[in-house]
Undergrad: 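So that we are looking at the same thing, I have put the structure below in structure tokens.
No experiment lies behind these values; they were computed from the predicted model shown.
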Amino acid sequence: MLNGGTLQKLGGLALGRIVVMAEKPSVGRDIARVLGCGTRGDGCLIGDKYIVTWALGHLVTLEEPDEMDPNLKRWSFQTLPILPEEIPLKVIPRTRSQFSIVKKLINDKETDSLICATDAGREGELIFRYIYEKAGCKKPFDRLWISSMTDEAIAEGFRSIRPGKDYEGLYASAQCRSKADWLVGMNASRAFTLKYDTLLSVGRVQTPTLAILVRRRKEIENFKPEGYWTVTADFGDYSGVCFREKWDPDTHVPTKAEAEAIAAAAKGGTGEVVLAETIRKHELPPQLYDLTSLQRDANRLLGFTADKTLKTAQSLYETRKALTYPRTDSRYLPPDMIPRTVQTMKLLPEAYQKYVAGALPEGKLPVSKRTIDATKVTDHHAILPTPRRVDLNSFSADERKLYDLVARRLLAAFYPACDYDATKVITRVGQEMFRTTGKVIIQNGWHDVPVSEGPVRARKSKGEQEEEGALPPLKVGDTRTVKAARIKEDVTRPPSPHTDASLLAGMEAAGKELEDEELARQMKGSGIGTPATRAAIIERLIQVGYAQRKGKTLQATDKGVQLIEIMPPELASPEMTGKWELALSKITDGEQDPERFLEGIRRMCVFLVDYARNNAKPVAFPAEERRGRGRRGNGATPPLADTVCPLCGKGKLRESPLAFDCTEKGCKCTIWKDCLTRGGGPALNEKLLRLLLEKKQVAGSSGTIQLGEGSIRFFPRGSETPSAVRSLAYEKKQG
């Protein structure tokens, strides 16, 4: 535990009371424990030298247009584009009481300085700075930057704390991202909604993501299956598939007649080996996980959505202290992490110890640029287990599965390569060529660490399916009699629908297919969104009805297809979004002027409004989604029997795809199904809502939901402070 004597002075700050601001109460409690702040206060924990408080996620956000100017409440082309030089900040009503506590603490005359201890990333920086600015605080502050929530990591973070000014670039980037999303979202959503008399949500990140789904849906719909045949010759101790360079691909015989002719000519003939080569190949071990690669593997191997993976990883980071910071885009470690990585391996649960020796030959960590490279570590290093003993039995089933993936990846990344001999044989029979491939494992290497604890069925590619194992010893000039020749009919298949894994890959790689090679090179690693935001983008597309899940797949809806049809290519293409993400990265590094970036965003907004007004294509959206049918006209079902509105007490509740609302005319009761999810609570369904109406309070594994007078609240397990509070009266949907 740290105390005032240990940390009398941090980063040059003067002696005196220091207020530490965390992002969430749970993180605040961990920090308070390390700092010795054991006295409970109102929205804070108090010690001799420090007071730890928290932001409950977001306390401050940008104002809506009508809050800036009442004339903007009515949507009209005459008021577009909306391009304020400054967008004022506002206190979020549902957490106003906590903001008042934070404001009083940081401006108190006894407070000498602050420490920003929000999540160590762009969004966390923005949360602190917006609160700091809205509270009118001028006091100096330092920045706590940690990648693990263990007591040791927190203490080390305080010992190496840095001045807040070192993160000005990160704040500028975060502020630009926030303003850009506001400007594009407000202008484009209003403009296209007015044009089509249908409530449409348009965003600089969600729209190009939707375009990826729409493109795949159209590829599937427009796909025309074509039949083909393959011809396989049996040479006795091996077999080969007929190929010609002019076929596409080269083993697909276009017609049945041609396939039958090849088989008939080959049967009983003599095959001569014209090529026999064996090449030693090295399959390198996988790299460590960043968030996107972890989300992709968790979707592929465990069936987790991207959002579920992020929430589970965040729980393992914050609550279990078992993983390092998950919202990272780096797959590398700095050299100074080598001793800690060795320690981590040795402290892994017993189930993994049988693999540790292979990752630590002669007790040392094998170092290569594939894992250890300081130049490729961004704000945070790759995701690792923390160097502490954990009790896997205390984890939830999902937590155990995800921890297992990360632990196994840590070990596999430091194993040797898999070495194998790849053999290629070409046998000529008359005028036809038959190809045979084989694969013999020399050293299994990193494949000795299974990717997960359960059985994994990985789908093999066509090329992998051809490699069956060892071939007989063959050399050029060897001959064989063709014992049999068979043909097989098959049909080409359409592309598979996207999954979370493939969509994340598409978002990460967006821009790499650009014709402009220089731009594609510059955009490498930028893509659409960031690892921390991509899961939320996917869920947002589902919430607004542009995409839907069908089993494990993600597919664009009819509405999503229509939206992309009316969008200008500049907004639907990943090129513009990739450019913006690249610019934001440069702003973080101090290589680009923030105002130059925002000026480009403003020009884009002018273009989008003009495009919507004058150039958008005629598209008829479904009648049930038109604004003229009112806020309840989005597919509401008949009233739910035996329900009473908790707001007016007169009407019944009815369910729509996104919410529950009241049938009583004039009642504004609207309970969004996802109103508690941002606070870590569950999504609401009919069963849970009925239970709430009956009992007013429902406790579950994640926390407690309370239905009170005029509001619904969620209290995380073990917390006395609600992490989500929503009014029952109709309000603009959050998120």
Undergrad: I'd like to know if the side chain of Asn107 and the backbone of Lys103 have a donor-acceptor N/O pair within less than 3.5 Å.
TA: yes
Undergrad: Thr118 and Glu123: side-chain donor and acceptor closer than 3.5 Å?
TA: no
Undergrad: Return yes if some donor-acceptor pair links the side-chain N/O of Asp661 with the main-chain N/O of Cys669 below 3.5 Å, else return no.
TA: no
Undergrad: I need the Ile131 CD1 to Cys137 SG distance, nearest 0.5 Å.
TA: 11.5 Å
Undergrad: Where the side chain of Gln98 meets the backbone of Leu59, is there a donor-acceptor pair that is under 3.5 Å apart?
TA: no
Undergrad: Quick one: pull up CD1 in Ile101 and SG in Cys44 and give me the separation to the nearest 0.5 Å.
TA: 7.0 Å
Undergrad: Quick one, Met21 with Leu105, criterion side-chain contact (heavy atoms from CB on, under 4.5 Å). Give me CA distance, side-chain angles, the key distance, then yes/no.
TA: CA-CA 10 Å; Met21 190 190 306; Leu105 285 172; over 6 Å; no
Undergrad: Once rounded to the nearest 0.5 Å, what's the spacing between atom NZ of Lys695 and atom CG of Leu707?
TA: 13.5 Å
Undergrad: Determine the minimum heavy-atom distance between Gly203 and Val184, stating which atoms define it.
TA: C-CG1, 4.3 Å
Undergrad: Give the C-alpha distance, both sets of side-chain angles, the deciding distance and a yes or no for side-chain contact (heavy atoms from CB on, under 4.5 Å) between Ile212 and Arg215.
TA: CA-CA 5 Å; Ile212 296 175; Arg215 183 168 63 247; 4.0 Å; yes
Undergrad: Using a 4.5 Å cut-off on heavy atoms from C-beta on, say whether the side chain of Pro84 contacts that of Leu183.
TA: yes
Undergrad: Give a yes or no on whether Lys90 atom NZ has more than 12 heavy-atom contacts from other residues, nucleotides or ligands under 6.0 Å away.
TA: yes
Undergrad: Please answer whether the main-chain N or O of Gly708 pairs with a side-chain N or O of Ser711 as donor and acceptor at a distance below 3.5 Å.
TA: no
Undergrad: Verify salt bridge (charged side-chain N to carboxylate O under 4.0 Å, His left out) between Arg690 and Glu686, making sure each step is shown before the conclusion.
TA: CA-CA 6 Å; Arg690 286 184 179 277; Glu686 181 185 342; 3.0 Å; yes
Undergrad: Check each of Val725, Thr704, Leu676 against Phe714 using the side-chain contact (heavy atoms from CB on, under 4.5 Å) test, and report the only one that passes.
TA: Leu676
Undergrad: Tell me whether Glu23 contacts the main-chain N or O of Asp119 through its side chain, where contact means a donor paired with an acceptor under 3.5 Å.
TA: yes
Undergrad: Ignoring hydrogens and angles, tell me if any N or O in the side chain of Ser189 forms a donor-acceptor pair with the backbone of Val202 under 3.5 Å.
TA: yes
Undergrad: Starting at OH of Tyr546, measure out to OG1 of Thr209 and round the result to the nearest 0.5 Å.
TA: 13.0 Å
Undergrad: Would Arg549 and Asp500 satisfy salt bridge (charged side-chain N to carboxylate O under 4.0 Å, His left out), going step by step from the backbone distance to the final call?
TA: CA-CA 10 Å; Arg549 292 191 190 279; Asp500 281 61; 2.5 Å; yes
Undergrad: Under a 3.5 Å distance rule, please check whether Lys134 uses its side chain to pair with a backbone N or O of Leu89 as donor and acceptor.
TA: yes
Undergrad: How about Ser76 and Thr79: does a side-chain donor come under 3.5 Å of a side-chain acceptor?
TA: no
Undergrad: State the NZ-OG1 distance between Lys665 and Thr663, to the nearest 0.5 angstrom.
TA: 13.0 Å
Undergrad: Taking all non-hydrogen atoms of both residues into account, name the closest pair between Ser396 and Arg320 and its distance.
TA: N-NH2, 4.0 Å
Undergrad: Does Tyr325 have any ring-ring contact (aromatic ring centres under 6.0 Å, His included) partners at least two apart in sequence or in another chain, and if so, which?
TA: Tyr317, His380
Undergrad: Might you point out which heavy atoms bring Cys176 and Leu584 nearest each other, and give the distance in Å?
TA: CB-CD2, 3.8 Å
Undergrad: Count the heavy atoms of every other residue, nucleotide or ligand shown that sit under 6.0 Å from NZ of Lys552, and state whether that count exceeds 12.
TA: no
Undergrad: Could you pull out all residues at least two apart from Phe660 that satisfy ring-ring contact (aromatic ring centres under 6.0 Å, His included)?
TA: none
Undergrad: Treating Thr577 as the side-chain partner and Val205 as the backbone partner, does any N or O pair qualify as donor plus acceptor under 3.5 Å?
TA: no
Undergrad: Do Thr292 and Arg534 pass the side-chain hydrogen bond (donor to acceptor under 3.5 Å, both in side chains) test, and can you show the C-alpha distance, the side-chain angles, and the key distance before you say yes or no?
TA: CA-CA 8 Å; Thr292 301; Arg534 286 172 186 145; 3.0 Å; yes
Undergrad: Taking CG in Asp42 as the centre, count heavy atoms belonging to other residues, nucleotides or ligands within less than 6.0 Å. Is the count above 12?
TA: no
Undergrad: Consider only side-chain N and O atoms of Glu399 and Tyr403, and report whether a donor and an acceptor are under 3.5 Å apart.
TA: no
Undergrad: Should Glu86 and Lys179 be marked as a salt bridge (charged side-chain N to carboxylate O under 4.0 Å, His left out) after you check the CA-CA gap, both sets of side-chain angles, and the distance that decides it?
TA: CA-CA 9 Å; Glu86 293 296 330; Lys179 290 181 177 180; 3.7 Å; yes
Undergrad: State which residues pass side chain to side chain donor-acceptor pair (under 3.5 Å) with Gln697; sequence neighbours excluded, sorted by chain then number.
TA: Gln706
Undergrad: List the atom of Ala612, the atom of Ala616, and the distance in Å for their closest heavy-atom pair.
TA: O-CB, 3.9 Å
Undergrad: Counting only heavy atoms not in Arg40 (residues, nucleotides, ligands), do more than 12 fall under 6.0 Å from its CZ?
TA: no
Undergrad: Check the orientation of Phe192 and Tyr196. Use parallel for under 30°, tilted for 30 to 60°, and perpendicular for over 60°.
TA: parallel
Undergrad: Before accepting this row, confirm whether a basic side-chain N of the pair Arg217/Asp558 lies closer than 4.0 Å to the acidic partner's carboxylate O.
TA: yes
Undergrad: Using a strict threshold of under 4.0 Å (side-chain N to carboxylate O), is an ion pair present between Glu133 and Arg129?
TA: no
Undergrad: Do any N or O atoms from the side chain of Lys321 and from the backbone of Thr319 form a donor-acceptor pair under 3.5 angstrom?
TA: yes
Undergrad: I'd like to know whether Arg204 forms a side-chain contact (heavy atoms from CB on, under 4.5 Å) with Asp181, so could you lay out the CA-CA distance, the side-chain angles of the two residues, the decisive distance to 0.1 Å, and finally the verdict.
TA: CA-CA 6 Å; Arg204 72 172 186 92; Asp181 287 345; 2.4 Å; yes
Undergrad: To the nearest 0.5 Å, what is the distance between CZ on Arg300 and CG on Leu504?
TA: 13.0 Å
Undergrad: Between Asn187 (side chain) and Ile82 (backbone), is there a donor-acceptor pair under 3.5 Å?
TA: yes
Undergrad: Would you indicate whether Asn614, at its atom CG, is surrounded by more than 12 heavy atoms from other residues, nucleotides or ligands within a distance under 6.0 Å?
TA: yes
